[in-house]
Amino acid sequence: MTITLPDGNQLAFEQPPTGREVAERIGKRLAKDALVVKVDGELRDLDQPIPQDARVEIVTPTHQDARQIIRHDAAHVMAEAVQELFPDAQVTFGPPTETGFYYDFARAHPFSSDDLEKIEKRMHEIVDADKPFVREVWDRDAAAHFFDQKGEKYKAQHIREGIPKGEQITIYRQGDDWLDLCRGPHAPSTGRVGHAFKLMKVSGAYWRGDPNNEQLQRIAGTAWESEKRLNEYLTMLEEAEKRDHRRLGRELDLFHIQEEAVGSVFWHPKGWTLYRQVEKYVRAMQEREGYHEVKTPQLIDRALWERSGHWDKFREAMFTARSEDDHVLALKPMNCPAHVQIFNKGITSYRDLPYRMAEFGSCHRYEPSGALHGLMRVRAFTQDDAHIFCTPEQINSETQKFCDMLLEIYKAFGFEDVRVKFSDRPETRAGSDAVWDKAESALKEAIEATGLPYTMNPGEGAFYGPKLEFVLRDAIGRDWQCGTHQVDFVLPERLDADYVGEDGNKHRPVMLHRAIVGSFERFIAILIEEHAGRFPMWLAPVQVTVATITSAADDYAKQAAQALRQAGLRVETDLRNEKINYKVREHSNQKVPVIAVVGEREAQERTVALRRLGSKQQEVLALDDAVTRLGEEAAPPKVD
RNA sequence: GCCGCCGUAGCUCAGGGGUAGAGCGCACCCUUGGUAAGGGUGAGGCCGUAGGUUCGAUUCCUACCGGCGGCACCA
């Protein structure tokens, strides 16, 4: 039989070889370094025979798949360490993750941070012991019985409920003392995990992700193929902490949140300036794209929410208020029902479609306390919300038009790395399968026409229609949904929206719910983290600070600032009795893009000495030239 | 909402059964200095809130509120 290697070379074997034998044939060193083998794209243990002709890659620590092996091995090593130190802990599952691994344990007592240290120490010992990982195939029922006897009720339950009768299952031993039910694969021995790992935190996690189940304790760690990579990762985390929007929000005096208004933002002047720049640009883009901007009420009688279906499906998340005359009103959690009201007041002809109705809509939702997170997840937020009322035939072109606009806007803010998720029909849904087929294929065609890569998110669509989610990433790699685009056949029906078609009959419009920044709060949080507070000039709350060297230049500094302001720039002056070193340091820390230094010389010559953020060089320009040049540099992205 | 950890000055943090400390920031004074911290003096705290234990609690215990990290949630 024939084994094909990644470089195209082929090796012939008499008998089905194991991965190790293939590696040995290529070279001793490779066989020594090998962790697992990749057979036709599937990772397997080195000792398993490769039954037929296949493309084979030997996975060594530098291979892109090595980390998941190392991390998975590390999870097993940790589980052994935990059970040795804490025999009352039951094991459940421990997979690799994007940066490490975790393992969920059931135990009555919580693990402390001291426990973590002990566990980590024991893990190093297990790695040094270099115990072989041995794969064994067991009978399902015997395995279930075995784990029952051991008191491992979660493992036993998983086998009984998750694995069909009669199926064979695999377990992995590491040394003589410990084993775990596991699909594998694993490296040859625990020694291959190496020492580039670190336990990071303990937290709660529900058994099988279901909050009705018992809560387990999750110990999470990070693991890498080398100390160097581990240290790089830890350094990255430190750097990420410095760009956390909550920290920068304080340091740059952008906003704060306090106890008396949990989940709501106090925007300070600088933060609000930033917010307004974002809003201004998005508004201009919407105008260009033919949207009609509206404003709808904050408080709306429950009667409308009952009709829209929100009272039924969304009530838990709605803030309500009772008026003097005993009406129950709700703070709107969404804008859509209000927009349909406007549509119903006069958009009656097919000639008006597609009708794009936009609102910077303030919404309130009673989010679970544990979900709140700085500006990322709040209870009061403003969406760049819009609803496009259109015919089914227009879904495709409107979606494409929207995606184009979204990408242009994201790019303007510096986001090039946009992840798109396609969420299709959920189990419980409204509308017939035929309608869903139509909506999903229209959406799919449209997203494919944009050429954007996307991943499927099966079953995660809204109950009323499929959606596209546009996801941006924060400083430490957490994904946040910002943009969205949803097809809705249900709400127009519920709220009785219609128009007169070409044929003279009444028809139901389709509604496309769409947002680009999503919530301004979340978007600005990501903007802060993406730029680490060093905003592009057009967004910077303060664009230029005019700083004096001596008080003799105060008058001139004021004139210079005034001239810059007249060019539309956001300018502050720093006339304090401080040395220029001190001022430069402070304004650099405040991440002001340009410091214009003026002393007696500049006052005399009517010049400014410009110092750009991140550069130590200065550039002396005539004041008039500086005004022109900085004015151009501060221009927002073109909208035309 | 759940599990764990945390809550001391505007910020970062030390302390600890006998009602508190540092650095930075702030105010005032000296200094007018040419590109990342000049010097001095001073103000500033219900030690998250409410109970309990104690002769005495900021410190120990309980509950609540809030924050952080996960989990769940994100229509």
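Note: hydrogens, waters and symmetry copies are ignored here, and every other heavy atom, side chains too, is used. Sequence lines set the chain letters: A, B, ... in the order given, protein chains first and strands last, and positions in each chain run from 1.
- Between the base of B:G1 and the side chain of A:Y206 there is a donor-acceptor pair shorter than 3.5 Å.
- The pair A:R307-A:D496 fails the salt-bridge criterion, with no side-chain N (NZ, NE, NH1 or NH2) lying under 4.0 Å from an Asp/Glu carboxylate O.
- A:E602 comes within contact range of at least one nucleobase, with a heavy-atom separation under 4.0 Å.
- Among the atoms of the strands shown, base atoms are found under 4.0 Å from some heavy atom of A:N589.
- Nucleotide B:C74 forms a pair with no other nucleotide shown, judged by Watson-Crick or G-U wobble geometry with both contacts under 3.5 Å.
- Within 4.0 Å (heavy atoms only), A:P368 reaches at least one base atom of the nucleic acid.
- In this structure, of B:G69, B:A72, B:U35, it is B:A72 that holds the atom nearest to the side chain of A:P211.
- Using cut-offs of 30° and 60° on the angle between ring planes, the pair A:H364 and A:F319 is perpendicular.
- Distances shown here put a side-chain N or O of A:H373 below 4.0 Å from the OP1 or OP2 atom of B:G69.
- Among B:G38, B:C74, B:U32, the nucleotide with an atom closest to any side-chain atom of A:R522 is B:C74.
- Comparing A:S551 and A:S588 by the nucleotide of RNA chain B that holds the closest heavy atom to each, the one mapping nearer the 5' end is A:S551.
- Side-chain to base pairing of A:R611 with B:A36: one donor and one acceptor N or O lie within less than 3.5 Å of each other.
- The base-pairing partner of B:U35, taking Watson-Crick or G-U wobble contacts with both distances under 3.5 Å, does not exist among the strands shown.
- Within 4.0 Å of A:G309, counting heavy atoms only, lies no atom of the nucleic acid at all.
- Annotation: B:C73 and B:G48 have their P atoms spaced 35 Å apart (nearest Å).
- Around CD of A:Q604, the count of heavy atoms belonging to other residues, nucleotides or ligands within 6.0 Å does not exceed 12.
- Checking B:U53 for Watson-Crick or G-U wobble geometry (two distances, each under 3.5 Å) identifies no partner in any strand.
- When both pairing distances are held under 3.5 Å, B:A22 makes a Watson-Crick or G-U pair with B:U12.
- With a 3.5 Å ceiling on both atom-pair distances, the Watson-Crick or G-U wobble partner of B:C64 is B:G48.
- Under the Watson-Crick or G-U wobble criterion, with both distances below 3.5 Å, B:G69 is paired with B:C3.
- No engagement by A:K313 is indicated, since no non-hydrogen atom pair under 4.0 Å with the nucleic acid exists.
- As judged by a 4.0 angstrom heavy-atom cut-off over every strand, A:R208 is placed among residues making no nucleic acid contact.
- Across the C1' atoms, B:G45 and B:C26 are found 15 Å apart, a figure rounded to whole Å.
- Scanning both residues, A:A553 and A:E600, for their nearest heavy atoms gives CB-N, 4.4 Å.
- One can find a donor-acceptor pair under 3.5 Å joining the base of B:C73 and the side-chain atoms of A:R377.
- Using the six-membered ring where Trp is involved, A:W224 and A:Y233 have ring planes that are tilted, between 30° and 60° apart.
- Listed nucleotides B:G69, B:G4, B:G38 differ in distance to A:K579; the shortest reach to its side chain belongs to B:G38.
- Only the C1' atoms considered, B:G52 is 15 Å distant from B:U59, to the nearest whole Å.
- At the phosphate of B:C24, neither OP1 nor OP2 sits under 4.0 Å from any side-chain N or O atom of A:Y582.
- Here B:G34 is the nucleotide among B:G69, B:G34, B:A36 with the atom lying nearest to any side-chain atom of A:A609.
- Nearest heavy-atom pair, A:V598 versus A:A557, reported as atom, atom and distance to 0.1 Å: CG2-CB, 3.7 Å.
- Here B:C5 presents its C1' atom at 17 Å from CZ of A:R218, a figure rounded to the nearest Å.
- Each of A:V620, A:L630, A:I595, A:V597 was checked for a side-chain contact (heavy atoms from CB on, under 4.5 Å) with A:L610, and the lone residue meeting it is A:L630.
- Electrostatic pairing of A:R246 and A:E241 does not count as a salt bridge here, judged by no charged N lying under 4.0 Å from a carboxylate O.
- Contact annotation: side chain of A:Q215 to base of B:C2, donor-acceptor pair present below 3.5 Å.
- If you look at A:F105 and A:Y103, their ring centroids are closer than 6.0 Å.
- Checking B:C26, B:G66, B:G4 against every side-chain atom of A:V262, the shortest atom distance belongs to B:G66.
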Detail all sub-3.5 Å separations between protein N/O atoms and N/O atoms belonging to nucleotides 46-51 of chain B.
none

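- The residue among A:C336 and A:V202 whose nearest nucleotide of RNA chain B lies closer to the 5′ end is A:V202.
- If you take atom C1' in B:C3 and the same atom in B:G42, they sit 47 Å apart, rounded to whole Å.
- Checking B:G70, B:U12, B:U35 against the side-chain heavy atoms of A:R250 singles out B:U12 as nearest.
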